[in-house]
Amino acid sequence: MYSVFRNLAIIILSAKFFGLVARKCKAPQVVGEILAGLIIGPCILNLVQTSDAISTFAEIGVVMLMFTTGLGTNLKELIKAGPIATLIACVGVAVPLVGGTLLYSAFYGFSAVGSPEFYRALFIGTIMTATSVSITVATLQELGHLKSFLGTTIVSAAVIDDVIGIVVLTCVLGASSGTGTGLGKVLINTVLFFATAVGVGVVAHFAMTWLDKRNPHTQRITIVSMAFCFAMAYIAEEYFGIADITGAYIAGIVLCTMDDASYVERRVDISNYIIFAPIFFASIGLKTDISGLTPEIFLFCVCFVIVALITKIIGCGLAAKLCRFNWGDSLKIGVGMMTRGEVALIVAQKGLDVGVVDSVYFTAVILLIVVSSVATPLVLKALFTKMPPQKHPSQVNG
């Protein structure tokens, strides 16, 4: 028990220290926090190992981050961005899925459709489909573009991407096991979740608006809002098989038009900034262990990372261009969507559990998460600095 407190002390201090160093170097703070995890973790100093307690704190951090993102969302901008975000998400899943399948086949041989090796290749592609929005959200927040049309488009597309990714994962697992079942259930669960979210959301919105008017700017508003966030995260994961971060994000969307939405956002952000978010970002580095790498696996890992990053940028960037974004903003959307995180880990773990992929490929997934987590904030900051975002035609016409 006491080792948990020791580990938390080391993580929080090192994450904040390296976060400040990153800021001094004019890099986003999250880059420093991820590098802190790499330095204190098994990769270098081995002062801290990941544990159930750290994973729980990290999960709370990402849920709270997505909740505050939802709270800070401009609902009108979100409605405008919906169809565009859906197209970007669909293309952003399809291109990496094909790219990953072809990469594995190029390394280990092309196999007949329906064979076990074909499903292994397809599963490598499935791992590449997942997008983690949390790091991009933190970066956009730091740059002051989170609530813009461009930022809303990226966040919305990433949430939709996760839903599509769950459907693809279930489809591949069902096909590889030979049962072919489960896909219909996932589709039904997804529809039921969003229908439930709308129903619960309407009731919660009116209840919170009433409570807010009777108790403006009070702690009870923040407490009830947080309870609603965790309840939605639990319901999404436990009863519908949807990622908990999706439930938290929708909880934020439900409350974003409340008068005290910005007040609750600030209050929640304080707790998250101090403890939970740094632990989440540092935990990415903690999960990295390169001791078991061989030259062959390392080469595959490098190619895996390159293909995963490029296919997201190309897929999402071209889809954004089709949606009438200029080339600069299309590139920002592509780069914003290339981060991988907890969803990619969940997908890889599912594959390991059912024996579709071997544990050796887990190294490639960790490497992808670390590289994309460090590269995305740096590249996004450079793009926003050199090419300030332009208004989308729908905003100009509107």
Side-chain angles (χ1 to χ4, degrees), residues 19 22 27-34 58 61-74 77-78 81 84-85 88-89 92-93 96 128-165 243 245-246 248-249 252 269 272-273 277-278 280-281 283-284 305 308-317 319-320 325 328-345 368-385 387 389:
Q29 201 165 318
V30 292
V31 174
E33 292 174 352
I34 294 164
V62 72
V63 165
M64 290 174 71
L65 185 61
M66 290 308 297
F67 178 55
T68 55
T69 302
L71 278 173
T73 300
N74 185 320
E77 294 287 346
L78 178 62
I84 293 173
I88 291 169
V93 166
M128 288 188 185
T129 63
T131 291
S132 175
V133 72
S134 49
I135 290 154
T136 301
V137 162
T139 307
L140 290 171
Q141 198 169 37
E142 199 172 325
L143 296 172
H145 292 288
L146 182 60
K147 297 181 184 180
S148 66
F149 184 79
L150 189 65
T152 303
T153 300
I154 294 172
V155 174
S156 304
V159 170
I160 296 165
D161 183 294
D162 279 347
V163 175
I164 298 170
I245 55 174
T246 304
Y249 179 65
D269 222 18
N272 206 26
Y273 179 82
F280 166 66
F281 292 118
S283 71
I284 295 171
V305 171
L309 298 183
I310 289 174
T311 50
K312 271 291 181 187
I313 294 172
I314 291 173
C316 297
F325 282 95
D329 287 350
S330 297
L331 184 59
K332 292 185 193 84
I333 290 172
V335 171
M337 290 287 287
M338 77 180 185
T339 48
R340 309 308 205 279
E342 63 288 336
V343 179
L345 287 170
L368 170 62
I369 292 169
V370 172
V371 171
S372 65
S373 298
V374 173
T376 299
L378 295 173
V379 177
L380 268 182
K381 184 171 184 179
L383 288 174
F384 273 104
T385 304
M387 296 181 288

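- Contact check for Val137 versus Tyr249: no side-chain heavy atoms found under the 4.5 Å cut-off.
- Separating the OG1 atom in Thr339 from the CE atom in Met337 is a distance of 8.0 Å, to the nearest 0.5 Å.
- Closest approach of Gly334 to Cys316, counting heavy atoms only: CA-CB, 4.0 Å.
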(Q) Run Glu142 and Thr139 through side chain to side chain contact (heavy atoms under 4.5 Å, CB included) and show every step you take. (A) CA-CA 5 Å; Glu142 199 172 325; Thr139 307; 5.7 Å; no
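- Side-chain atoms of Ile135 and Ile34, non-hydrogen and from C-beta on, do get closer than 4.5 Å to each other.
- If you take CZ on Arg340 and CG on Leu309, they are separated by 6.5 Å, rounding to the nearest 0.5 Å.
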Q: Assess whether side chain to side chain contact (heavy atoms under 4.5 Å, CB included) is satisfied between Thr376 and Lys312, documenting all intermediate values.
A: CA-CA 12 Å; Thr376 299; Lys312 271 291 181 187; over 6 Å; no
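- Distance check: Phe280 CZ to Met64 CE gives 13.5 Å after rounding to the nearest 0.5 Å.
- Separation of atoms CG (Leu143) and OG1 (Thr385) is listed at 7.0 Å; rounding is to 0.5 Å.
- No side-chain heavy atom of Pro389 sits less than 4.5 Å from a side-chain heavy atom of Phe325.
- The backbone N or O of Ala158 lies less than 3.5 Å from no partner atom in the side chain of Thr131, so there is not a single donor-acceptor pair.
- Summarising the geometry, atom OG belonging to Ser148 is positioned 7.5 Å from atom CG belonging to Leu146; distances are rounded to the nearest 0.5 Å.
- Here the closest non-hydrogen pair linking Pro377 and Ser372 is CD-O, 4.2 Å.
- Closest approach of Ile284 and Ser373 over heavy atoms only: CD1-OG, 4.0 Å.
- In this structure, the side chain of Lys332 does not engage the main chain of Ile154 through any donor-acceptor pair within 3.5 Å.
- Looking at Ile160 and Ile88, their side chains never come closer than 4.5 Å, going by heavy atoms from C-beta outward.
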Q: Verify side chain to side chain contact (heavy atoms under 4.5 Å, CB included) between Phe384 and Leu150, making sure each step is shown before the conclusion.
A: CA-CA 11 Å; Phe384 273 104; Leu150 189 65; 3.8 Å; yes
Q: In sequence, state the C-alpha distance, the side-chain angles, and the governing distance for Thr129 and Ile164, and then conclude on side chain to side chain contact (heavy atoms under 4.5 Å, CB included).
A: CA-CA 9 Å; Thr129 63; Ile164 298 170; over 6 Å; no
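- In this structure, Met338 CE and Ile310 CD1 are separated by 10.0 Å, a value rounded to the nearest 0.5 Å.
- Shown here for Leu65 and Thr69, the closest heavy-atom pair between the two residues is O-OG1, 2.7 Å.
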